[in-house]
There are 2 protein chains.
Amino acid sequence: MAQNPDNLLNNRNIKPTAMRELVLKVLTEQTTAISLAELEHKFHKADKVTLFRTLKTFEENKLIHSIDDGTGSVKYALCTESCQCNPDDLHVHFFCTLCHHTFCLNDIPIPSVNLPVHFNLESISMVVKGICSNCKK
Amino acid sequence: MAQNPDNLLNNRNIKPTAMRELVLKVLTEQTTAISLAELEHKFHKADKVTLFRTLKTFEENKLIHSIDDGTGSVKYALCTESCQCNPDDLHVHFFCTLCHHTFCLNDIPIPSVNLPVHFNLESISMVVKGICSNCKK
DNA sequence: AAAGTTCATGCAACCAAGTTGCAAAGTTAC
DNA sequence: GTAACTTTGCAACTTGGTTGCATGAACTTT
């Protein structure tokens, strides 16, 4: 079932302002995760801080998740509708060293690890680096 | 077989200067990974840039590896003697959200993942966040 | 509908981590 | 000893992220 933008926002208890709808629209159009700087370039007029806070609001309300792919700039991507960002909801990310795009491998859950005794798990991040299928051609 | 510092440096083709020996000594004394800023605090007189370049030299020659634990500052830890930083050599890292220390779980190799077709693997990073055994007590 | 409250936005300025350029000091080769 | 190269130290800069504060929009209360 497709969701219109306002539903997506309302479902996550985010007040749907014009700005937020615009940002959400850009996010839904991405096939790879996007950084704050890249997001900024998509707008001619918007302020970096506003976009930053918009992303933060989205993240706090689990509409998007952030990915630290090791490039020095955090990337953001939409969560699936049912995502609660629990360890079970997490998936592997892939960073292409050629095109520098960061992919959500939504179909690849993070494999479980057996931690040493008395280590307590809260979350896991797994980033694979290599060449993506586009660049491989 | 224990290695003296100069051997460790020579084995990795790093010219053993006084500075490098001091940095290596500090690194061998750590039980958890250390950031550039933390390393700087271990010295009263050393320059941040020199330490930065020393770490970079060490990393390029695979004496140490860097860990991006998502805190915004990269951590460094000694490699095992045989490490070539290939995917097979990599281990899981653990970041404690209480004491903010980053552990090398040398005994826990990164589980393999089946990438989508035509995705090519170069390296993987896996960081688990939670509470370490020390803080759990 | 005016006044008050709350939340969102925009600008300026700041901060931390990492990085570069260059000159001085040290080391090695001849 | 001098030339060539490497390492170190200082200054200064870049980038990404973040805070403070004032303005502006929206919503409430009367």
Side-chain angles (χ1 to χ4, degrees), chain A residues 5-6 8-10 12-27 33-61 63-77 95 100-102 125 127, chain B residues 5-6 8-10 12-27 33-61 63-77 95 100 102 127:
Chain A
D6 272 16
L8 282 174
L9 292 172
N10 285 322
R12 297 291 188 172
N13 291 311
I14 302 165
K15 199 193 295 182
T17 68
M19 187 77 236
R20 287 169 179 171
E21 283 165 5
L22 283 172
V23 172
L24 178 55
K25 181 165 181 296
V26 170
L27 288 170
I34 191 174
S35 69
L36 173 57
E38 286 161 351
L39 182 61
E40 204 183 350
H41 290 310
K42 303 264 174 188
F43 294 89
H44 287 287
K45 204 187 155 300
D47 182 57
K48 184 177 69 154
V49 179
T50 303
L51 295 172
F52 169 72
R53 288 197 264 235
T54 301
L55 290 173
K56 220 166 140 183
T57 302
F58 284 4
E59 189 182 10
E60 278 163 5
N61 292 283
L63 178 59
I64 63 175
H65 59 279
S66 61
I67 306 125
D68 184 339
D69 57 16
T71 59
S73 59
V74 178
K75 306 291 196 311
Y76 301 88
F95 174 75
H100 291 184
H101 283 142
T102 300
S125 107
V127 178
Chain B
D6 273 15
L8 282 175
L9 293 172
N10 285 323
R12 297 291 188 172
N13 291 312
I14 301 165
K15 201 192 291 182
T17 68
M19 187 75 237
R20 288 169 180 173
E21 282 164 6
L22 283 172
V23 171
L24 179 55
K25 183 165 180 294
V26 170
L27 287 170
I34 190 174
S35 69
L36 173 57
E38 286 161 352
L39 182 61
E40 204 182 350
H41 290 309
K42 302 263 175 188
F43 294 88
H44 288 286
K45 204 186 154 303
D47 180 57
K48 184 177 68 154
V49 179
T50 303
L51 295 172
F52 168 73
R53 287 196 265 233
T54 301
L55 290 174
K56 220 166 139 185
T57 301
F58 284 5
E59 190 183 9
E60 279 164 4
N61 292 281
L63 178 59
I64 63 177
H65 59 280
S66 61
I67 307 124
D68 184 339
D69 57 15
T71 59
S73 59
V74 177
K75 306 291 195 311
Y76 300 88
F95 174 75
H100 291 183
T102 300
V127 178

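Only this structure's heavy atoms are used, side chains among them; waters, hydrogens and symmetry mates stay out. In the text below, chain A, chain B and the rest are named by the order of the sequence lines, each starting its count at 1. Predicted model only: the values in this text are computed from it and were never measured.
- The 5' end of DNA chain D is approached more closely, in terms of each residue's nearest nucleotide, by B/A18 than by the other of A/L36 and B/A18.
- Between A/T54 and C/dA8 there is no side-chain N or O to OP1 or OP2 distance below 4.0 Å.
- Straight-line distance from the CE atom of B/M19 to the P atom of D/dT7: 13 Å, rounded to whole Å.
- As a whole-Å value, the separation of A/I14 CD1 from C/dC7 P is 15 Å.
- Counting heavy atoms from C-beta on, the side chains of A/I67 and A/V74 never come closer than 4.5 Å.
- To the nearest angstrom, P of D/dT7 lies 16 Å from CG of B/L22.
- Checked by atom type and distance alone, the side chain of B/R20 never pairs as donor or acceptor with a backbone atom of B/L9 at under 3.5 Å.
- The CD-C1' distance, from A/E21 to C/dT9, rounds to 15 Å in whole Å.
- Taking the centre of each ring, B/H100 and B/F95 come in below the 6.0 Å mark.
- Residues from residues 45-52 of chain B placing a heavy atom under 4.0 Å of any atom in DNA chain D, listed by number, are B/D47, B/V49, B/T50.
- In this structure, the side chain of A/D69 engages the main chain of A/T71 through a donor-acceptor pair within 3.5 Å.
- In terms of phosphate contacts, B/S73 brings no side-chain nitrogen or oxygen within less than 4.0 Å of OP1 or OP2 of C/dG18.
- Across the interface with DNA chain D, nearest-nucleotide mapping of B/R20 and A/K56 shows B/R20 to be the residue nearer the 5′ end.
- Checked options A/K75, A/K42, A/H101; the residue passing with A/I34 is A/K42 (criterion: side chain to side chain contact (heavy atoms under 4.5 Å, CB included)).
- When the C1' atom of D/dC10 is taken as reference, atom CZ of B/F43 falls 18 Å away, rounded to whole Å.
- In this structure, A/T57 and A/N61 have side chains that are in contact, with non-hydrogen atoms separated by less than 4.5 Å.
- As a whole-Å value, the separation of B/D69 CG from C/dA17 P is 12 Å.
- Between the side chain of A/R53 and the base of D/dG17, no donor-acceptor pair under 3.5 Å is found.
- Rounded to whole Å, atom C1' of D/dG17 lies 17 Å from atom CD1 of A/I34.
- For A/E40 and C/dC11, the CD to P distance is 12 Å, given to the nearest whole Å.
- Panel note: side chain A/E38, backbone A/S35; a donor-acceptor pair is recorded below 3.5 Å.
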